[in-house]
Number of protein chains: 2
Amino acid sequence: MGERRESKKRETRQRISDVATELFFARGFDAVTLDEIAAAASVSKMTVFNYFARKEDLMLDRQDDLKLLFFREAIRARPQGQSPIAELRVLMGKLREQKHPFAHFDRHAADFWRFVVASPSLEARLRELNDEAAEGLAIELAGPTPDGLARLAAGMIVLTVRTAREEAVRVFERGGSAKKANAVFFALIDQGFAAVQAMAATDARGQSP
Amino acid sequence: MGERRESKKRETRQRISDVATELFFARGFDAVTLDEIAAAASVSKMTVFNYFARKEDLMLDRQDDLKLLFFREAIRARPQGQSPIAELRVLMGKLREQKHPFAHFDRHAADFWRFVVASPSLEARLRELNDEAAEGLAIELAGPTPDGLARLAAGMIVLTVRTAREEAVRVFERGGSAKKANAVFFALIDQGFAAVQAMAATDARGQSP
DNA sequence: GCGGAAATATTGACCGAGTATAATATCCTG
DNA sequence: CAGGATATTATACTCGGTCAATATTTCCGC
C-alpha cells in the first residue's frame, strides 16, 4: 500500500469526521442526515460508510477502546502477585493524580457526554461499546475463554466506570464544580472496584481452601 | 370504555404477537418484515405499531418488566430491618426451590435466549430494557432520586442476573444439562448479590460512624 | 513515463423500520 | 339511531443502511 494513498485516506477520514462533528454539535445528532454529512465533506454517502460503519461511530469511534487499552496495559504490567483488579485501582489512583483526561471531568467533557445521552441511538451504541469493552476485559482477566465470574467482574468494572461518569455529569447538571464532580467520580470508582476485588478474592478462597 | 372494545383490542394484540412470534422463530427475527407480520395478522402496518412501538417489542415485550416486578414486590414486603439486597437473595433462594419459571432454565428458555442474542437489534433492545430495569430498581432501593451508590448497586444486580443467564445459556450450548445450567446460574447470582450486599453495607458503615 | 492490475470511490437503485397525516370504519353512550 | 370517541387504514414520506455495477485513481513492473 502506497504512502500517498494512505495519507489521503487518513485525510478523507479526518475531514468526514470533522465535518460531521461540527454539524452534530450545531444541530443535534439526530437532526443531521448522512446525505448532508456526505455533501458537506464532498464525498458520497457510500464513502462515509466506507470509513464509519454506523452513523454513531462518527462520534463514538474509539471512545471506549481507550478505556480498555489503559486497563489492558496496566494489567499486563502489574507486579508479580498483584491481583488484576487491585492493579486497576492503583491505575485509577495514578490517573487521578495526573488529572489524566480519561479520568478527569471538566465542563467540556460534561457537554460531550450530555450530548451523547441526548440521542437514543448514540446511547445505544455506547451500551454496545461498553459490552465489547467488558468482554475484552474479561479476556484480559481470565484468558481467551473467561468463566462466568470473570465476565461478571469485568462487567462490574465497566459498569462502575460508566455509572461514575454518569454521576459526575449529573454533578455538573446540578451546577456543581469540576472538583466536586471528580470527587464523586473517584468515590464511586473506588467503591465499585473494591466490591469487585472482594468478590474475586472471596471466590479464590472459596474455590481452593 | 366498553367491554367488547377492550376484549377486541386484547384479541388483536395477541393475534399480532402470536403471528409475529411464529414467523420470527420460523425464519429469524431480521428476515421477517413488519409488512409480512401485518399481512399475516390481517391488519395494517400502522396497527402493529399501535400495539408495539418497536419491532423488537414483539418479542421482548414485558420480558424484563417481570424481573423488576418480582424484585419490587420482595423489597417492599421485606421484614423490618432486613436490607433490600439481602431480601433479594432470599427471593432468589425461594424462586430456586420453587423452580419458578423466571429463575429456571430448561432447553426452551435456552432456545429463546439464543434466538434473542442472534439478532443485534434484539440484543440492543435487551440492553435498553436492562438499563430501565436498573433505574427502576435504584428508585426502589433509594427513593425517587437515587444517589450514585444506589444506581451502582442496582446496575450490578441487573448485570449479575444478565451475566448469570448468559452463562446458563452457555452451559446448554456446550451440551450441559439443565441441572448444571441452573447450578451455574444460581452460583453466579449468589456471588454477584453477595458482593453488592457487602458494598452497600460497607458504605453504610463508612458514612455514619 | 506507461500500461495493466487492484484497490477505492461513485452512482443510483433498492430495502425496511418508523413517522405523519388525514380519512374511514367501528364501537359506545345517551 | 345520532353523534362523539376511538381504532384502524391508506398513503406518502424520511432516513439509515445495503447492493451491484461502473468509473476512477493509485500502484508497480516494464
Side-chain angles (χ1 to χ4, degrees), chain A residues 1-17 19-21 23-24 27-61 116 118-129, chain B residues 1-17 19-21 23-24 26-61 116 118-128:
Chain A
M1 178 81 58
E3 186 51 44
R4 181 147 157 230
R5 203 186 190 109
E6 283 210 341
S7 77
K8 210 164 194 180
K9 279 181 73 174
R10 269 195 306 271
E11 220 173 83
T12 305
R13 184 193 164 95
Q14 194 60 45
R15 189 173 72 249
I16 294 172
S17 174
V19 159
T21 305
L23 287 175
F24 287 154
R27 295 173 22 216
F29 183 79
D30 298 299
V32 179
T33 71
L34 278 168
D35 284 315
E36 286 176 304
I37 296 169
S42 311
V43 293
S44 78
K45 194 173 70 162
M46 277 301 299
T47 304
V48 177
F49 278 116
N50 230 340
Y51 289 100
F52 302 90
R54 296 176 209 70
K55 187 188 180 187
E56 291 80 31
D57 291 350
L58 283 161
M59 289 236 52
L60 295 179
D61 197 41
V116 169
S119 155
S121 52
L122 273 180
E123 210 184 2
R125 178 65 178 143
L126 190 58
R127 276 191 280 263
E128 209 174 333
L129 290 173
Chain B
M1 178 79 58
E3 186 51 43
R4 183 152 159 222
R5 204 182 193 116
E6 283 209 341
S7 76
K8 211 164 194 180
K9 278 182 73 172
R10 269 196 306 272
E11 220 174 84
T12 304
R13 184 193 164 95
Q14 194 60 45
R15 189 174 72 249
I16 294 172
S17 173
V19 159
T21 304
L23 287 175
F24 287 152
R27 296 176 19 221
F29 183 79
D30 298 300
V32 179
T33 72
L34 278 168
D35 284 314
E36 287 176 305
I37 296 168
S42 309
V43 103
S44 82
K45 192 174 73 160
M46 281 299 301
T47 302
V48 177
F49 277 116
N50 230 343
Y51 288 100
F52 303 90
R54 296 176 208 70
K55 187 188 179 186
E56 291 79 29
D57 292 349
L58 283 162
M59 289 237 50
L60 295 179
D61 197 41
V116 168
S119 156
S121 53
L122 272 180
E123 209 184 3
R125 178 67 179 141
L126 190 59
R127 276 191 281 262
E128 210 174 334

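Predicted model only: the values in this text are computed from it and were never measured. Numbers restart at 1 for each chain; the letters A, B, ... are given by sequence-line order, proteins then strands.
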Participant: Give me the atom names and distance for the closest heavy-atom approach of A:L23 to A:V32.
Facilitator: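 Closest approach of A:L23 to A:V32: O-CG2, 3.6 Å.
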Participant: B:L58 and side-chain contact (heavy atoms from CB on, under 4.5 Å): which single residue from B:V19, B:L34, B:T21 fits?
Facilitator: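 When B:V19, B:L34, B:T21 are each tested with B:L58, the side-chain contact (heavy atoms from CB on, under 4.5 Å) holds only for B:L34.
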Participant: What residues in residues 27-42 of chain A put a non-hydrogen atom under 4.0 Å from any atom of DNA chain C?
Facilitator: none
Participant: Quick one: is D:dT8 close enough that its OP1 or OP2 comes under 4.0 Å of any side-chain N or O from B:T47?
Facilitator: no
Participant: If every non-hydrogen atom of A:P120 is compared with every non-hydrogen atom of A:A118, which pair is closest and at what distance?
Facilitator: CD-O, 3.7 Å
Participant: Choose from C:dG18, D:dA7, C:dT26 the nucleotide whose nearest atom is closest to any side-chain atom of B:K8.
Facilitator: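 Among C:dG18, D:dA7, C:dT26, the one nearest the side chain of B:K8 is C:dT26.
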Participant: Restricting to pairs with a member in residues 48-60 of chain B, which pass salt bridge (Lys or Arg N to Asp or Glu O under 4.0 Å), not counting sequence neighbours?
Facilitator: B:R54-B:D57, B:D57-B:R125
Participant: How large an angle, rounded to 10°, do the end axes of the helix from C:dG1-D:dC30 to C:dC27-D:dG4 enclose when each is built from five base pairs?
Facilitator: 10°
Participant: What is the distance, to the nearest angstrom, from the CZ atom on B:R54 to the P atom on C:dT19?
Facilitator: 8 Å
Participant: For the residue pair B:T12 and B:I16, establish whether any side-chain heavy-atom pair is separated by less than 4.5 Å.
Facilitator: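 The answer is yes; the side chains approach within 4.5 Å.
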Participant: Could you check how far CG of B:L58 sits from C1' of C:dA17, rounded to whole Å?
Facilitator: 12 Å
Participant: So, under a plain 3.5 Å distance rule, would you say the side chain of A:K45 forms a donor-acceptor pair with the base of D:dG17?
Facilitator: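 Result: at least one qualifying N/O pair found.
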Participant: Counting side-chain heavy atoms from CB outward, which of D:dA10, C:dA17, D:dG16 is closest to B:K55?
Facilitator: C:dA17
Participant: Counting C-beta onward and ignoring hydrogens, is there a side-chain heavy-atom pair between B:V116 and B:F29 closer than 4.5 Å?
Facilitator: no
Participant: Taking all non-hydrogen atoms of both residues, which atom of B:S44 and which atom of B:A38 are closest, and how far apart?
Facilitator: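 In terms of heavy atoms, the two residues are closest at C-CB, 3.8 Å.
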Participant: Tell me: CG of B:D57 to P of C:dG18, nearest whole Å?
Facilitator: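 About 9 Å, once rounded to whole Å.
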Participant: Send over the distance from A:F49 CZ to C:dG12 P, rounded to a whole Å.
Facilitator: 18 Å
Participant: Can you tell me how far P of C:dT8 sits from CZ of A:R13, to the nearest Å?
Facilitator: 14 Å
Participant: Would you give the length of the straight line joining atom CE of A:M59 to atom CG of A:L126, rounded to the nearest 0.5 angstrom?
Facilitator: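 Between A:M59 CE and A:L126 CG, I get 11.5 Å after rounding to 0.5 Å.
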Participant: Tell me which nucleotide among C:dT10, C:dG18, C:dT21 gets nearest to the side chain of B:M46.
Facilitator: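 Out of C:dT10, C:dG18, C:dT21, the nucleotide with an atom closest to B:M46's side chain is C:dT21.
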Participant: Give a yes/no answer on whether the side chain of A:N50 brings an N or O atom under 4.0 Å of OP1 or OP2 in C:dT8.
Facilitator: no
Participant: What is the nucleic acid contact for B:Y51, judged by heavy atoms within less than 4.0 Å: base, sugar-phosphate only, or nothing?
Facilitator: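 Result for B:Y51 = sugar-phosphate.
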Participant: Of all the heavy-atom pairs spanning A:Y51 and A:R13, show the shortest one and how long it is.
Facilitator: O-NH1, 3.4 Å
